[in-house]
Amino acid sequence: MSYLVLESLKEKIGEALSLLSPSSGQIDFVVEPTREKRHGDFATNAAFLLARTLQRPPREVAQDLKRLLEPQLLGVARVTVAGGGFINFTLEDAFLLELLGRVLVEDERFGEVDIGKGKKVQVEFVSVNPTGPLHVGHGKCAAFGDAVARILKKAGFQVEKEYYINDAGKQIELLGISLEVRFRQLLGENVDIPEGGYRGEYLVDIAQELLEERGAGILELPVEERTKLFREYAVEKILAEIRRDLDDFRVFFDVWFSERSLYENGEVEYVLSLLREKGYTYEQDGALWLRTTLWGDDKDRVLIRENGAPTYFASDIAYHWNKWKRGFARVIDIWGADHHGYIPRMHAAMKALGLPEDFLEIFIVQFVTLLRGGQPERMSTRQGEFVPLRSLIEEVGVDAARYYFLMRDPETHLEFDVEEAKRQSMDNPVYYVQYAHARIVSVFREAKKRDLSWVSFQEALRFGFENEDERNLAKAIVYFPEVVKQSALLRQPYLLCNYLHDLAGSFHSFYNLHRILDPENVPRMSFRLALCRLTQIVLRNALELLGISVPESM
RNA sequence: GCGCCCGUAGCUCAACGGGACAGAGCAACGGACUUCUAAUCCGUAGGUUGUGGGUUCGAUUCCCGCCGGGCGCGCCA
């Protein structure tokens, strides 16, 4: 993977550092693209860091490093010391062009970086209780989890996407009861949805369907059978709805895992006995507790209630034990912000089970504040007030919705004014990126229409750069694998959004400033068409990682 | 009260696990289409990074105190 320019630079700098100071092998320097071109192509802060340990002025250390590096670096035209001690590198054009040649060969595989080494990773996300349709906040989780999974796959992990169905417990009981109330109301009975029940309109529709399907007679069934029927019917219908929403949002899961199954095959029981055996549990007030405080939780947590029913926590521990048994090297859980208080106890439970420190990785997705005409809209399924994901998709489209959710760090709050997104949909940043791709396709379409002929892309690269705009575009293109690597390591799709916006910007500038189709100058035309093709490859590969469509025309 | 997230241009956000002059997009202003898609480009303007300290060659970034906003703190899930 030597086209990871930064990687090879880093390696050489590391070697130079250890020559200057053998003891300081673990200096955590960075190599980054420069913000300004007068600083060259890439720069490192290594000298500043070494200066500290050596107790010498950074500039001096930088000079020493430069002397060591200069003869070492192939493909680097210039090494300079600037500022207080930055070391700047300027790539040779020939090297850059060689890298471009490799991109053409790699094509759809370009951007693959093998940091995963085939390790099995699971990403579990959305996992909404089947008690109501998906809302906008879930959409953010869905877009994030799906993009992370795609990125990890590109980075060499073996990835599975999973949805955990909370089809057990009190909330589900309440759902069944709420449906029965709606059902009875349809038959004219004067009954009310109980405290804490689900009041959303969607249950009225489902009750209507059930009535048409099974008739009023089901109310005559024995209590046990009747509540089971209402409960299961509600879960089934709502889950089907959730699946349909996710399909339309282009989010597909490999596994749908039922919480209830953990009870049915005795795994909850088993994990509880495991924890008992290890001596991390105790009885108090008629309940069974886990000593999560041993690992930093605020207080111990209940596993089995006074009434004998296991808590959600208990089944969740069993669930993660199950994940471990399935052979994942690591599992990534993506939760809504309302669950963040749950993190310490879950990590504690993993430690109680003796699982590796880094087995479970949890991401918290902060809420989306939906604004509609300046008015904030609260989202709570239990209150029955929420903005469905579906209606957002219908208003702004899948591509725009996904891009908006992904363009920021999910752990920060996101403000999303629907009215504004609707009104300004033509200025949406996602179109800026997609438009670059559509333009490229259009150039080739035009070239064919005019029956132009040009030198093959690979051959054309030897004509080299004519201006800085072409060169900037080339730099952006070869930087792609580094972005994939970073966003995979940090699990941050938004780095790709930023990168895409940059790349599209470099292309739009290039396009506006230089004519591509010019039969009078075939070498130049050929070289520029090669750049177009290269840009197209990267735009396509990157958009696919985000689950955003790649339009041929707009 | 305790814990987590956040506070950067008028608005929405960047700044790549301390670095060069804090950058984009909207909104504002001025230019560029008889020529490959103007959903674009080129340019101008816009800032005491909430606030007060501290750590050091250097702080938007790390630490502490305050101010303001969001979310949690169940034998719910």
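Throughout, a chain's letter reflects where its sequence line sits, starting with A, and its residues are numbered from 1. As a basis for the values below, the full set of heavy atoms in this structure was taken, side chains included, without hydrogen atoms, waters or symmetry mates.
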So A:Leu495, base contact, sugar-phosphate only, or nothing? Heavy-atom distance under 4.0 Å. nothing

Measure NE2/A:His339 against P/B:G72 and give the value in whole Å, please. 11 Å

Is there a side-chain polar atom (N or O) of A:Lys299 under 4.0 Å from OP1 or OP2 of B:C73? no

Base, sugar-phosphate, or nothing: which does A:Asp469 touch, judged by heavy atoms less than 4.0 Å apart? nothing

What is the distance, to the nearest angstrom, from the NZ atom on A:Lys449 to the C1' atom on B:U35? 13 Å

Reckon A:Arg305 has a side-chain N or O less than 4.0 Å from the OP1 or OP2 of B:G74? no

Mind checking if A:Asp285 touches a base, just sugar-phosphate, or nothing, with heavy atoms under 4.0 Å? base

Roughly how many Å is it from CD in A:Gln366 to P in B:C13, rounded to a whole number? 12 Å

Is there a side-chain polar atom (N or O) of A:Tyr403 under 4.0 Å from OP1 or OP2 of B:G25? no

Check: A:Asp167 side chain, B:A77 base, donor-acceptor under 3.5 Å: no

Base-pairing assignment for B:U40 (Watson-Crick or G-U wobble, both under 3.5 Å): B:A32

From the set B:G74, B:A14, B:U40, return the single nucleotide nearest to any side-chain atom of A:Arg408. B:A14

Scan A:Glu446 against the nucleic acid and name what it touches under 4.0 Å (heavy atoms): base, sugar-phosphate only, or nothing. sugar-phosphate

Select base, sugar-phosphate, or nothing to describe what A:Ala436 touches, counting heavy atoms under 4.0 Å on all strands. nothing

Of the listed B:A14, B:C41, B:A77, the closest approach to the A:Asn512 side chain comes from B:C41

Using whole Å, what does the distance between atom P of nucleotide B:U12 and atom CZ of A:Phe405 come to? 17 Å

From the list B:C71, B:C36, B:A24, which nucleotide is the closest neighbour of the side chain of A:Ala337? B:C71

With a 4.0 Å cut-off on heavy atoms, is A:Ala43 in touch with a base, just the backbone sugar-phosphate, or nothing at all? base

Pairwise C1' distance, B:U8 and B:G3 [rounded to whole Å]: 26 Å

Euclidean distance for P, B:G10 against B:C21 (whole angstrom): 23 Å

Among B:A38, B:A77, B:C57, the one nearest A:Tyr511 by side-chain distance: B:A38

As a test of reading the structure: which of B:C41, B:G25, B:A77 is closest to the side chain of A:Ser509, going by heavy atoms? B:C41

Expressed in whole Å, how much space separates the P atoms belonging to B:U60 and B:C42? 29 Å

Any-strand Watson-Crick or G-U partner of B:G65, both distances under 3.5 Å: B:U51

In whole Å, what separates the P atom of B:G43 from that of B:C36? 23 Å

Closest to the side chain of A:Ser442, out of B:C76, B:C16, B:C36, is B:C36

Below 3.5 Å, does any donor atom in the side chain of A:His340 face an acceptor in the base of B:G3, or the other way round? yes

Provide, to the nearest angstrom, the distance between the CG atom belonging to A:Asp338 and the P atom belonging to B:G70. 16 Å

Using atom C1' of each nucleotide, how far apart are B:G30 and B:U35 to the nearest Å? 24 Å

Base, sugar-phosphate or nothing for A:Glu411? Non-hydrogen atoms, less than 4.0 Å. sugar-phosphate

Among B:C41, B:C36, B:A24, the one nearest A:Leu513 by side-chain distance: B:C41

Identify whether a stacking contact exists between A:His39 and B:A20, where the ring centres must be under 5.5 Å apart and the planes under 30° apart. yes

How would you label the contact of A:His437 with the nucleic acid (heavy atoms, under 4.0 Å): base, sugar-phosphate, or nothing? nothing

Would you call A:Arg471 and A:Asp41 a salt bridge, using N to O less than 4.0 angstrom? yes

Find the distance A:Tyr499:OH to B:A15:P and express it as a whole number of Å. 17 Å

Do you know which two heavy atoms are closest between A:Arg260 and A:Glu173, and how far apart they sit? NH2-OE2, 4.3 Å

So, does A:Arg528 use its side chain to make a donor-acceptor pair with the main chain of A:Arg515 at under 3.5 Å? yes

Whole-Å distance between B:A14 P and A:Leu406 CG? 13 Å

Aromatic ring proximity, centroids under 6.0 angstrom, A:Phe480 and A:Tyr499: yes

When all nucleic acid strands are considered with a 4.0 Å heavy-atom cut-off, which category describes A:Asn45: base, sugar-phosphate, or nothing? base

Can you check whether any acceptor in the base of B:C5 is under 3.5 Å from a donor in the side chain of A:His413, or vice versa? yes

Under 3.5 Å for both donor-acceptor distances, Watson-Crick or wobble: does B:G23 have a partner, and if so which one? B:C13

Ignoring backbone atoms, test whether A:Tyr494 places a side-chain nitrogen or oxygen under 4.0 Å from the OP1 or OP2 oxygen of B:A15. yes

To the nearest 0.5 Å, what is the distance between CD1 (A:Ile238) and CG (A:Leu175)? 4.5 Å

Minimum-distance nucleotide (side-chain atoms of A:Tyr342 versus B:C36, B:A77, B:C75): B:A77

Taking B:C41, B:C76, B:A14 as options, the one with an atom nearest any side-chain atom of A:Tyr432 is B:C41

Side-chain N or O of A:Thr131 closer than 4.0 Å to phosphate OP1/OP2 of B:A77: no

For B:G18 versus B:C63, give the span between their C1' atoms, rounded off to a whole number of Å. 13 Å

On a whole-Å scale, what distance lies between the C1' atoms belonging to B:C67 and B:U51? 7 Å

Where does the angle between the aromatic ring planes of A:Tyr319 and A:Tyr164 fall among parallel (under 30°), tilted (30 to 60°) and perpendicular (over 60°)? parallel

Could you grab the distance from atom CD1 of A:Ile317 to atom CG of A:Leu272, nearest 0.5 Å is fine? 7.5 Å

Categorize A:Arg301 for me: base, sugar-phosphate, or nothing, with a 4.0 angstrom heavy-atom threshold over every strand shown. nothing

Under a 3.5 Å cut-off for both contacts, is B:G1 paired Watson-Crick or G-U wobble with anything, and if yes, with which nucleotide? B:C73

Would A:Arg439 and A:Tyr511 count as a cation-pi pair here, with the cationic atom under 6.0 angstrom from the ring centre and within 45° of the axis? yes

Is the ring centre of A:Trp295 less than 6.0 Å from the ring centre of A:Tyr280? yes

Provide the distance between the two P atoms, one in B:G70 and one in B:C13, to the nearest whole Å. 15 Å

Hunt down the Watson-Crick or G-U wobble partner of B:G46, both distances under 3.5 Å, from any strand shown, or write none. none

Between B:A20, B:C75, B:A38, which nucleotide has the shortest distance from any of its atoms to the side chain of A:Ala287? B:C75

Starting from P on B:A77, measure out to OH on A:Tyr198 and report it in whole angstrom. 10 Å

Are A:Val433 and A:Leu503 packed together at the side-chain level, in the sense that at least one heavy-atom pair is separated by less than 4.5 angstrom? no

Once you apply a heavy-atom cut-off of 4.0 Å, does A:Thr412 come out as touching a base, just sugar-phosphate, or nothing? sugar-phosphate

Based on the glycosidic angle (syn within 90° of 0, else anti), state the conformation of B:C33. syn

